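In what follows, a single structure is set out as structure tokens and then discussed.
Chain A is the first sequence line, chain B the second, and so forth, proteins listed ahead of strands; every chain is numbered from 1. Remember, it's a predicted structure, so these values are computed and weren't measured experimentally.
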2 protein chains.
Amino acid sequence: MELVSLYKCLCDVQRLRILNLLKEGPLCVCHIQEILGETQVKISKQLQYMKKLGIVWVRREGVWMVYSLPVPVHPVLLANLHCLQARSDEFPCFAEDLQTRSTILQRYTDNLAECPQVVYQSATGR
Amino acid sequence: MELVSLYKCLCDVQRLRILNLLKEGPLCVCHIQEILGETQVKISKQLQYMKKLGIVWVRREGVWMVYSLPVPVHPVLLANLHCLQARSDEFPCFAEDLQTRSTILQRYTDNLAECPQVVYQSATGR
DNA sequence: TCCACATATCCTTTCATGTGCATATATTAT
DNA sequence: ATAATATATGCACATGAAAGGATATGTGGA
């Protein structure tokens, strides 16, 4: 992956928030959408943008498209994602997003009936 | 400094090359221009761009404008500048620029008469 | 004061990027 | 086959950044 392309990707707060989420594990589009409180189109386009660059991977699980960081993560990307957490004063949303993510995942853990949890399990082993 | 602004700054190879140079020490505009082989306008604009964001500092020495990295360097910027050197396979110009920089500084060391070396000495102590 | 040099800024054009709406595709259940 | 859900894409528009040429500003020397 070209370095400048990676930096261009990091220029958008929405994309940063998505990457910050994926750093914790795979997520399907609708959950990213819910956490960020954005429209489906916007999220989908950002994901396509990153997919084309190889910055995220995608895998289908039924109707869900599950996005994740590639293995291994590009070292420069990883380094910058670490920086994000360290600078939570500038972007409180990064920590809040992770909080919301936990809540959502917990919701599915509690209600297996309508749960796509297998999606995340099979993806991460968590 | 805002993080996204920093990433926008890093999106341009010319700016990356300039930052890579400044990482080694202050430089005046004409030398940056010579090393990168670019027009004066282009270099000057890139420098103004970064100056406005606080990514570089500037100090006048006679007719020369000497640019440098701020003290202390923004941690995220510093981390990424380290990455640049590590990825010299993608951008050979980064190492070449440093080579050219050394040559130019040596040229002034050998010919003190027309030498603005005091500029660099007073700026860094090197 | 006038000139030469180094550097910065103005203005215009061009090009890339983000956004919204409508719509298309793919999968599952009925 | 059809409907419903999740997701992706095409098109049009607005916005912002990059580039080039010309010109302005500031400094030191004659």
Side-chain angles (χ1 to χ4, degrees), chain A residues 2 4-18 22 26-53 55-68 104 108 113-120 123, chain B residues 2 4-18 22 26-53 55-68 104 108 113-120 123:
Chain A
E2 200 199 339
V4 169
S5 305
L6 178 56
Y7 286 134
K8 280 187 182 166
C9 173
L10 300 179
C11 285
D12 186 281
V13 176
Q14 270 181 17
R15 289 194 290 263
L16 285 178
R17 290 175 71 185
I18 294 174
L22 295 184
L27 273 181
C28 74
V29 177
C30 59
H31 289 160
I32 298 174
Q33 186 179 340
E34 180 177 355
I35 295 170
L36 266 64
E38 279 291 353
T39 67
Q40 181 262 322
V41 175
K42 245 171 154 179
I43 299 297
S44 180
K45 281 185 180 172
Q46 300 287 29
L47 289 169
Q48 300 318 306
Y49 178 102
M50 294 193 280
K51 195 181 77 175
K52 273 183 196 154
L53 293 176
I55 294 173
V56 299
W57 284 355
V58 64
R59 179 175 46 82
R60 177 179 284 278
E61 289 280 341
V63 284
W64 293 285
M65 299 297 280
V66 180
Y67 284 82
S68 58
I104 288 179
Y108 281 106
E114 49 171 303
C115 171
Q117 186 177 8
V118 61
V119 170
Y120 301 130
Chain B
E2 200 198 340
V4 169
S5 304
L6 178 57
Y7 287 134
K8 281 188 181 168
C9 172
L10 300 180
C11 285
D12 186 279
V13 176
Q14 269 183 16
R15 288 194 290 263
L16 285 178
R17 290 174 72 184
I18 293 174
L22 295 185
L27 272 181
C28 74
V29 177
C30 60
H31 288 160
I32 298 174
Q33 185 179 339
E34 179 177 356
I35 295 170
L36 266 64
E38 279 292 352
T39 66
Q40 181 263 321
V41 175
K42 243 172 157 181
I43 299 297
S44 180
K45 279 183 183 171
Q46 300 287 30
L47 289 169
Q48 300 318 304
Y49 178 103
M50 295 194 279
K51 195 181 79 175
K52 272 183 194 153
L53 293 176
I55 294 173
V56 300
W57 284 355
V58 65
R59 179 175 46 80
R60 177 179 283 279
E61 290 279 341
V63 284
W64 292 285
M65 299 297 281
V66 180
Y67 284 82
S68 58
I104 288 180
Y108 282 107
E114 49 174 302
C115 171
Q117 185 177 9
V118 59
V119 169
Y120 301 129

Can you tell me if B:Y67 touches the phosphate of C:dA8, counting only side-chain N or O atoms and a distance under 4.0 Å to OP1 or OP2?
yes
Nearest 0.5 Å, what's the NZ-CD distance between A:K45 and A:E38?
12.5 Å
If you assign A:D12 and A:G62 each to the DNA chain C nucleotide with the nearest heavy atom, which residue ends up on the more 5' nucleotide?
A:D12
Nearest whole angstrom, please: distance from the C1' of D:dA8 to the CE of A:M50.
15 Å
Over how many whole Å does the gap from B:Q48 atom CD to D:dA19 atom C1' extend?
16 Å
Given DNA chain C, 5'-ward residue of the pair A:V63 and B:M65, judged by closest heavy atom:
B:M65
Nearest-angstrom distance from the residue atom NE2 of A:H31 to P of D:dT7
9 Å
Within less than 4.0 Å of OP1 or OP2 of C:dA6, is there a side-chain N or O belonging to B:Q40?
no
In whole Å, I'd like the distance from the CD atom of B:Q46 to the C1' atom of C:dA8.
14 Å
Among D:dA8, C:dT19, C:dA6, the one nearest any side-chain atom of B:W64 is C:dA6
Per A:K45 side chain, nearest of listed nucleotides D:dA8, C:dC10, D:dC11:
D:dC11
If you check the A:V29 side chain, which of D:dA8, D:dG20, D:dA18 turns out closest?
D:dA8
Taking the side chain of A:Q14 as its heavy atoms from C-beta onward, which of C:dT19, D:dA18, C:dA8 lies nearest to it?
C:dT19
Whole angstrom is fine here: how far is it from CD1 in B:I43 over to C1' in D:dG21?
17 Å
Is any side-chain N or O of B:R60 closer than 4.0 Å to OP1 or OP2 of D:dG26?
no
Between C:dT7, D:dA22, C:dT19, which nucleotide has the shortest distance from any of its atoms to the side chain of A:K42?
C:dT19
In whole angstrom, what separates A:K51's NZ from D:dT9's P?
6 Å
Do any N or O atoms from the side chain of B:R59 and from the backbone of B:S68 form a donor-acceptor pair under 3.5 angstrom?
no
The single option from B:K51, B:R15, B:R17 that satisfies side-chain hydrogen bond (donor to acceptor under 3.5 Å, both in side chains) with B:Q46 is B:R15
To the nearest Å, how far apart are B:L47 CG and C:dT9 P?
11 Å
Starting at CD1 of B:I32, measure out to CE of B:M65 and round the result to the nearest 0.5 Å.
11.5 Å
Atom-pair distance (OH on B:Y49; C1' on D:dA19), nearest Å:
15 Å
For B:P26 and B:V66 the tightest heavy-atom approach is CB-CG1, 3.6 Å
